[in-house]
Amino acid sequence: VLELRQERYVFVDGGAHLGETITDFRLSLRRFLYPWDVYSFEANPALVPRIARFPHVTVLGQAIWIEDGSVEFY
């Protein structure tokens, strides 16, 4: 059985804030070269609903770190 692998292009935004990086990436020429999936992380729950939603963009109301767990932000 021949298995065909399709390359996957993933852009990780480690601090979405208000989606500025997502907007910049969507306007960049690099975005048009490959089929990208964008994962954007924002730990501030007040900002998450304010981030614009686009196709192939997943906004996660979480922080990224090297360990599982939870912390309080001030």
Side-chain angles (χ1 to χ4, degrees):
V1 175
L2 179 63
E3 181 182 328
L4 297 176
R5 290 183 51 203
Q6 186 177 18
E7 290 185 5
R8 184 171 180 212
Y9 297 87
V10 178
F11 180 86
V12 177
D13 178 9
H17 189 245
L18 295 175
E20 298 92 341
T21 304
I22 297 169
T23 300
D24 288 348
F25 181 73
R26 287 182 50 80
L27 296 174
S28 75
L29 294 177
R30 181 177 305 274
R31 177 185 165 269
F32 297 102
L33 297 176
Y34 308 104
W36 291 89
D37 288 319
V38 177
Y39 292 89
S40 189
F41 294 83
E42 177 51 56
N44 185 337
L47 296 180
V48 172
R50 298 175 59 190
I51 300 170
R53 302 305 202 264
F54 299 101
H56 304 285
V57 175
T58 301
V59 177
L60 301 159
Q62 304 172 355
I64 55 177
W65 187 240
I66 59 172
E67 298 177 19
D68 288 336
S70 61
V71 296
E72 285 192 39
F73 288 96
Y74 299 94

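These numbers come from a predicted model, not from an experiment.
- By the criterion of side-chain heavy atoms lying less than 4.5 angstrom apart, applied directly or through intervening Ile, Leu, Val, Met, Phe, Trp or Tyr residues, F32 is not grouped with V38; the two fall into different hydrophobic clusters.
- Counting heavy atoms of neighbouring residues, nucleotides and ligands inside a 6.0 Å radius, atom CZ of R53 exceeds 12 of them.
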Show the atom names and distances, to 0.1 Å, of all donor-acceptor pairs under 3.5 Å that link a side chain in residues 18-27 to residues at least two apart or in another chain.
residue : atom : partner : partner atom : Å
E20     : OE1  : H17     : ND1          : 3.3
E20     : OE1  : L18     : N            : 3.1
E20     : OE2  : H17     : ND1          : 2.8
T23     : OG1  : G19     : O            : 3.2

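- Both F11 and L33 belong to a single network of hydrophobic side chains, linked directly or stepwise wherever heavy atoms of I, L, V, M, F, W or Y lie under 4.5 Å apart.
- Residue-environment remark: CD1 (I66) exceeds the threshold of 12 foreign heavy atoms within 6.0 Å.
- Listed here is the closest heavy atom pair of I51 and A16: CD1-CB, 3.6 Å.
- Note on W65: it does not cluster hydrophobically with V12, by side-chain heavy-atom contacts below 4.5 Å among ILVMFWY residues.
- Grouping the Ile, Leu, Val, Met, Phe, Trp and Tyr side chains by contacts below 4.5 angstrom, directly or via other members, places V48 with V57.
- The list of side chain to side chain donor-acceptor pair (under 3.5 Å) pairs with a residue in residues 33-49, not counting sequence neighbours, reads R8-D37, R8-Y39, D13-S40.
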